[in-house]
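As structure tokens, the structure follows; a few thoughts come after it.
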Number of protein chains: 2
Amino acid sequence: MERQASCPSTAAPIGGLLNTASFLREKGIQPSPQRLRIYEALASTREHPSADAIHRQLSPEMPTLSRTTVYSTLELFVGAGIAQELAITGSQLRFDAEVSSHAHFACRSCGCVVDLGGLQAASLPELPLGFIAESSQYFITGICPSCTVSTLA
Amino acid sequence: MERQASCPSTAAPIGGLLNTASFLREKGIQPSPQRLRIYEALASTREHPSADAIHRQLSPEMPTLSRTTVYSTLELFVGAGIAQELAITGSQLRFDAEVSSHAHFACRSCGCVVDLGGLQAASLPELPLGFIAESSQYFITGICPSCTVSTLA
DNA sequence: GATGGGAATTGTACAAAGTACAAGTCTGTT
DNA sequence: AACAGACTTGTACTTTGTACAATTCCCATC
């Protein structure tokens, strides 16, 4: 889990952030400076950050931002359907502002998480009667290209 | 995460345990009393226990069994390909002696994990060039039948 | 049967991720 | 301006898992 930044996840914004405040309000979330910056930080990266990664990123500009706020805000976003949680690394939750169904790859060496293509819903296993699905995840773990190269060196 | 035991995962053994010791030896694992009991505990349940759950289960009969041994033994099994890790709950790893590719359901209320059917390989997203896949997981989270009933009550 | 060496196990200490909760601050409304 | 409720903060704590040194066990050899 060392070379996070060098992995092949481009860092382009996902959508328009012109008016994050009204977007949050539409989703039933009262905006606050903390919530705006946390959402923007999440939506402007494709690195699928953990809660602590977001806290580390925002701390310089918001020195009093507490870890508790980041955790509770991300949970609020997940509950409102504007973010999804990925349990992909096994040791920490990663978050994604892109909520459409798509698969993920996690590198066991550097910890990076990158997007893969979508899944064909028709081919997924059906849920037995009585189970209520709320979300689903498909992920692959292995070694990313950067780490393959540096392992060979 | 309360009613673990009442969830719909039947507790029948997966395979023959007649000679666990020689099975482990075949897989390149030196048997020991601890390893035998840990493997048998894992293979004889469909509850996908966590490492600590196995430790709690075996502690009465092996009072000196240490948590470290359980953790390192399970990792040994995963490396040898006779167990798989499930990162499904986000907060702890669950283990499964059934290593064939199949999906899982996790109940957000009681924490139970049950087996679902297999996946059609053809429908899975393809991995871009340079990525090396080592394992994959498909899981659905939601509410299991037991918890649906008790939530309504 | 004794003995030496490597593997396995143990126990303690530690680290990381996340949660609980009470106190403080902010914000919007009256 | 004052109140109430929502939001944020900070501390303490729990859970999960890892590091590592010391001990114990097993087994081959003498």
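Proteins come first, then strands; the chains are lettered A, B, ... in the order of their sequence lines, and each starts at number 1.
- A:S100 meets the side-chain contact (heavy atoms from CB on, under 4.5 Å) test with A:E98, A:H102; sequence neighbours excluded.
- Take A:I140 and apply the side-chain contact (heavy atoms from CB on, under 4.5 Å) test, not counting sequence neighbours, and it matches A:F105, A:L116, A:Y138, B:L127, B:A133, B:S136.
- If one axis is set at each end of the helix from C:dG1-D:dC30 to C:dT30-D:dA1 from five pairs, those axes are 10° apart, to 10°.
- Judged as a side-chain contact (heavy atoms from CB on, under 4.5 Å), and not counting sequence neighbours, the contacts of B:Q34 are B:S32, B:M62, B:L65, B:T69.
- A heavy-atom distance below 4.0 Å to DNA chain D is reached by these residues of residues 22-37 of chain A, ordered by number: A:Q30, A:S32, A:Q34, A:R35.
- The salt bridge (charged side-chain N to carboxylate O under 4.0 Å, His left out) search around A:D52 returns A:R67, not counting sequence neighbours.
- Every residue was checked against the side-chain hydrogen bond (donor to acceptor under 3.5 Å, both in side chains) condition with A:T73, not counting sequence neighbours, and none meets it.
- Taking the side-chain contact (heavy atoms from CB on, under 4.5 Å) definition, one finds that A:L86 meets it with A:H48, A:Q84, A:I88, A:R94, A:D96, A:H104, A:V113, A:Q137, sequence neighbours left out.
- The side-chain hydrogen bond (donor to acceptor under 3.5 Å, both in side chains) test applied to B:S50 returns no partner, not counting sequence neighbours.
- With sequence neighbours excluded, no residue satisfies side-chain hydrogen bond (donor to acceptor under 3.5 Å, both in side chains) with A:S59.
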Q.
Treating primed atoms plus P, OP1 and OP2 as sugar-phosphate and everything else as base, which nucleotides of nucleotides 13-23 of chain C get B, S or - for protein heavy atoms under 4.0 Å?
A. ----SBBBB--
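- Sequence neighbours left out, the pairs with a member in residues 127-139 of chain B that pass salt bridge (charged side-chain N to carboxylate O under 4.0 Å, His left out) are A:R108-B:E134.
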